[in-house]
Asker: 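Questions regarding the structure given below will be posed in turn.
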Amino acid sequence: MDIQRETLDVDILVVGAGPAGLAFGLHLAELVKKSGGVVAMPEVVIIEKGSYPGAHSLSGAVLDPRALKKLIPDYLDRDMPYEKKAGRDSLYYLTENSRVKFPFMPKPFNNDGNYIISLNKFTGWLAEMVEAAEINIFPGTGGIELLIEDNRVVGVRTVDMGLDKDGNPKDNFEPGSILKAKVTVLTEGVRGSLTREACTKLNLDEGKMPQQYLTGVKEIWEIRPGRLQDGEIMHTFGWPLPSEDYGGGFVYDMGGNMAAVGYAVGLNSSNPTNDPHFRFQQFKTHALVKKIFEGGKMLHYGAKTIPEGGYYSMPRLYHDGLLLAGDSAGFLNAQRLKGVHLAMESGMMAAETVFEALKKDDFSAATLKTMQDIFEQSEAAQELYQVRNFHAGFEDGLYAGMIQAGLQMITKGRGLVDRRVVEPDYEHMKKLNEYITDRGVNAVKHDMKFDNEYLFDKLTDVYHSGTKHEEEQPSHLVIADFDICNNQCTEEYGNPCQYFCPAQVYEMVEDEQNPGKKKLQLTPSNCIHCKTCDIADPYQIITWVVPEGGGGPNFTNC
Ligand code: SF4
């Protein structure tokens, strides 16, 4: 199909209106203002695939205000939205029928001075300030292709709108645009598809450890009065995960009888039926959690992946015409399970880099390398370096990991082994028979009864995420070979996608053409854009691409 596309030239293009992209915009506007006319305000455009800034933003979230203090020192006077100031912290080790409370709070879990926030409200607040600084945000606009000319990034092509399932134009067809920029800043969030393209085509992750991920699943509840203390923050590890799997749970008071409950599970599990949503619902059955939420009402749902690999998994942050920041570039402290402050700081580093590039009118890698230099000298780098081996320390399971974590604390992050070699998450998955032989058939039982009042099935949860996609469009989950799914994967792994997806996008259904056989059926309109499938598929034949702009979840209070 020969498509005529509009080309727009801007100075700076940002992909993703999350905390990193918005901090970039605000900080750049401030630097230009302070320059007193030495540098003119460039034309900055931020594109966002969600229907509004914050629609796809989801996190725990307990915010460390360190970056906020630098970016917006009077943030409280500017009505920064937060649910509660952090109050009592507690940490529990759970078994199925009991709990052990830590007698003291390890320093990384101490939240004194932090804020319990809803990331999607917080993002909306930042976006208002960015727009007030006369920076354009275009929601409902996804970037689908990174434009590279002579090994230099020159911009992004946006998604076509109005194609049918077979890719043919409908009456409302609108071709995507070519957005050309002197520098493109990728702040797409976890496993950004353009970032992935950049890493592959431009070797940004050469010599780096593979990124490692968790999938976090979360609900927001209205609870009965008095179930939580003011600003209470609870973290758990142990049950329902077996000790060889990585992850844990949380409960946060959000004030006004609202509370967040969530569970995050490592995608490096050897279990081919690893199901973060199922683990989350199991977690809610523990007496510690049940006594808080029973009798309440679930209001909202969401899920996202979390980049936990840390310092050694971060790609190079620059290339000719390109900068990376935020979750896309792995700015997350695995030990504290916090990334919002680091995402914002990385956005600010990108702004300082672009400010220098504007002064020189030079957007080559030689100038944009400033980003890497600023990062290496920063508080953020110090923080990430201190915990550089945290996630890898749990490669041999929970108990070995706890010993490693303790050793890392007294050896400035080194522990027993520095830069332990880890495989990509999907390579940890065992074949189903092998796993059952090792762990027994009970280890793969998913025998929960969802009453949809306290324990929710995936479809009911998805309904509470506000997810909407145009049904008549090409699938944004591109499967390279359905034959592998319907034959080899069924035999070898038992189709793990039907378990790891927290939105029931993947189902094995009766194949009418082949009685007695099952085949994979996709429902892309359920997708909540968590990216788990793109990461965890053992054959790496699932590629998540950006759907029509505006499609996806509409997270509320998440
Ligand atoms: Fe997440 Fe993939 Fe399921 Fe979408 S289809 S919700 S990205 S696992």
Side-chain angles (χ1 to χ4, degrees), residues 16-22 48-63 80-84 86 114-127 139 188-191 214-223 228 233-235 249-265 276-277 280-281 283-284 293 296-307 326-327 332 337-341 343-344 456 458-469 501-503 526-532 550-558:
L22 296 171
E48 163 56 43
K49 70 182 169 62
S51 55
Y52 54 87
H56 293 184
S57 296
L58 174 132
S59 185
V62 182
L63 175 74
M80 188 270 280
Y82 66 90
E83 311 308 307
K84 277 283 162 191
N114 294 339
Y115 295 90
I116 299 169
I117 62 164
S118 143
L119 189 65
N120 75 293
K121 278 192 207 167
F122 180 78
T123 304
W125 172 73
L126 283 177
E188 299 172 282
V190 191
R191 192 75 164 191
L214 280 79
T215 293
V217 180
K218 168 179 180 182
E219 290 170 351
I220 304 292
W221 280 65
E222 186 180 348
I223 55 171
L228 284 171
I233 293 171
M234 195 184 281
H235 285 106
F250 64 85
V251 172
Y252 303 151
D253 172 43
M254 297 180 75
N257 296 324
M258 303 273 280
V261 54
Y263 204 83
V265 178
H277 176 272
F280 168 57
Q281 298 299 330
F283 172 64
K284 282 165 48 190
F293 290 92
K297 189 177 176 209
M298 192 270 280
L299 302 174
H300 306 293
Y301 173 74
K304 71 166 285 197
T305 41
I306 303 164
D327 273 351
L332 185 124
L337 205 63
K338 282 189 178 26
V340 180
H341 66 295
M344 290 174 71
F456 296 92
K458 289 180 180 176
L459 278 187
T460 308
D461 262 336
V462 169
Y463 173 78
H464 287 87
S465 67
T467 297
K468 285 196 188 99
H469 287 93
C501 170
N526 285 355
C527 176
I528 52 177
H529 294 204
C530 74
K531 316 283 180 74
T532 304
N554 288 289
F555 293 135
T556 309
N557 280 337
C558 281

Asker: Between K338 and V62, what is the shortest heavy-atom contact and its length?
Answerer: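 Residues K338 and V62, closest heavy atoms: CE-O, 3.3 Å.
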Asker: Within the 4.5 Å heavy-atom criterion, are M258 and E83 side-chain neighbours or not?
Answerer: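 No, side chains not in contact.
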Asker: Let me confirm one number: the CG-CG distance from D253 to N257, rounded to the nearest 0.5 Å.
Answerer: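 Interatomic distance, D253 CG to N257 CG, rounded to 0.5 Å: 8.5 Å.
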Asker: Among residues at least two apart in sequence or on other chains, which ones pass ring-ring contact (aromatic ring centres under 6.0 Å, His included) with F293?
Answerer: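 With sequence neighbours excluded, F293 shows a ring-ring contact (aromatic ring centres under 6.0 Å, His included) to W221, given in chain and number order.
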Asker: State which residues pass salt bridge (Lys or Arg N to Asp or Glu O under 4.0 Å) with K531; sequence neighbours excluded, sorted by chain then number.
Answerer: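 Salt bridge (Lys or Arg N to Asp or Glu O under 4.0 Å) list for K531, sorted by chain: empty.
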Asker: Considering non-hydrogen atoms only, spot the tightest contact between P53 and P139 and give its length.
Answerer: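 That would be CD-CB, 4.5 Å.
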Asker: Identify the two heavy atoms, one from P307 and one from V190, that lie closest to each other, and give their separation to 0.1 Å.
Answerer: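 The pair with the smallest heavy-atom distance is CD-CG2, 3.8 Å.
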Asker: Report the distance from atom CD1 of I117 to atom CZ of F122, rounding to the nearest 0.5 Å.
Answerer: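 Reported to 0.5 Å precision, the distance equals 5.0 Å.
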Asker: Who are the side-chain hydrogen bond (donor to acceptor under 3.5 Å, both in side chains) partners of T305, not counting sequence neighbours?
Answerer: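 T305 satisfies side-chain hydrogen bond (donor to acceptor under 3.5 Å, both in side chains) with no residue once adjacent residues are dropped.
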Asker: Measuring from atom NE2 of H277 to atom OG1 of T215, what distance do you get when rounded to the nearest 0.5 angstrom?
Answerer: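 So the gap between those two atoms works out to 12.5 Å.
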Asker: Quick one: CG on N114 to NE2 on H341, what's the gap to the nearest 0.5 Å?
Answerer: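 Atom-to-atom, N114:CG and H341:NE2 are 8.5 Å apart.
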Asker: List the residues meeting side-chain hydrogen bond (donor to acceptor under 3.5 Å, both in side chains) with E188, not counting sequence neighbours, and say none if there are none.
Answerer: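 By the side-chain hydrogen bond (donor to acceptor under 3.5 Å, both in side chains) rule, E188 matches T195.
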Asker: Measure from the side-chain N and O atoms of K304 to the backbone N and O of I528, and report whether any donor-acceptor pair falls under 3.5 Å.
Answerer: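 Such a contact is absent between K304 side chain and I528 backbone.
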Asker: Identify, with sequence neighbours excluded, every residue that meets salt bridge (Lys or Arg N to Asp or Glu O under 4.0 Å) alongside K284.
Answerer: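 Counting only residues at least two positions away or on another chain, K284 forms a salt bridge (Lys or Arg N to Asp or Glu O under 4.0 Å) with E219.
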Asker: Using the test salt bridge (Lys or Arg N to Asp or Glu O under 4.0 Å), find all partners of D461 that sit at least two apart in sequence or belong to another chain.
Answerer: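 With neighbours one apart ignored, the set is empty.
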Asker: Is a donor on one side and an acceptor on the other found under 3.5 Å between the side chain of E48 and the backbone of A17?
Answerer: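 Present.
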Asker: My understanding is that only residues two or more places apart in sequence, or in another chain, count here; which of them pass side-chain hydrogen bond (donor to acceptor under 3.5 Å, both in side chains) with N557?
Answerer: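 Scan of N557 (side-chain hydrogen bond (donor to acceptor under 3.5 Å, both in side chains), adjacent residues dropped) gives K121.
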Asker: Have T467 and N554 got a donor and an acceptor in their side chains that come within less than 3.5 Å?
Answerer: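 No, no side-chain donor-acceptor pair sits under 3.5 Å.
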Asker: What residues, two or more places apart in sequence or in another chain, satisfy ring-ring contact (aromatic ring centres under 6.0 Å, His included) together with Y263?
Answerer: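 If we apply the ring-ring contact (aromatic ring centres under 6.0 Å, His included) test to Y263, skipping adjacent residues, the hits are F283.
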Asker: So, taking the atom named CZ in F456 and the one named CD in Q281, what distance separates them when rounded to the nearest 0.5 Å?
Answerer: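 Answer rounded to 0.5 Å: 7.5 Å.
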Asker: So which pairs with a foot in residues 54-63 pass side-chain hydrogen bond (donor to acceptor under 3.5 Å, both in side chains), sequence neighbours left out?
Answerer: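 Counting only pairs at least two positions apart or across chains, the side-chain hydrogen bond (donor to acceptor under 3.5 Å, both in side chains) contacts touching residues 54-63 are K49-H56, S57-T123.
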Asker: Where do G60 and A260 come nearest, in terms of heavy atoms and distance?
Answerer: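 Shortest heavy-atom separation between G60 and A260 comes out as O-CB, 4.3 Å.
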Asker: Indicate the atoms forming the closest heavy-atom contact of L22 with A127, along with that distance.
Answerer: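 Closest approach of L22 to A127, heavy atoms only: CD1-N, 3.8 Å.
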Asker: Shortest non-hydrogen contact from C527 to P553?
Answerer: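 What the structure gives for the nearest pair is O-CD, 4.3 Å.
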Asker: For H235, what residues pass the side chain to side chain contact (heavy atoms under 4.5 Å, CB included) criterion, not counting sequence neighbours?
Answerer: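 If we apply the side chain to side chain contact (heavy atoms under 4.5 Å, CB included) test to H235, skipping adjacent residues, the hits are L91, F109, N111, I233, F250, Y252.
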Asker: For H469, enumerate each residue passing the ring-ring contact (aromatic ring centres under 6.0 Å, His included) test, keeping only those at least two apart in sequence or located in another chain.
Answerer: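 H476, H529.
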Asker: Output the distance between atom CD1 (I306) and atom SG (C530), rounded to the nearest 0.5 Å.
Answerer: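 Going from CD1 on I306 over to SG on C530, the span is 10.5 Å.
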Asker: So that I can tick it off, tell me whether R191 and D327 are bridged by a salt bridge, with the cut-off set at under 4.0 angstrom between side-chain N and carboxylate O.
Answerer: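 Salt bridge flag = no for R191 with D327.
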Asker: Are the side chains of N526 and L459 in contact, using a 4.5 Å heavy-atom criterion?
Answerer: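 Of all side-chain heavy-atom pairs linking N526 with L459, at least one is under 4.5 Å.
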Asker: Restricting to side chain to side chain contact (heavy atoms under 4.5 Å, CB included), what partner residues turn up for C558, sequence neighbours left out?
Answerer: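 C558 satisfies side chain to side chain contact (heavy atoms under 4.5 Å, CB included) with L58, N120, K218, I220, H300, F555 only.
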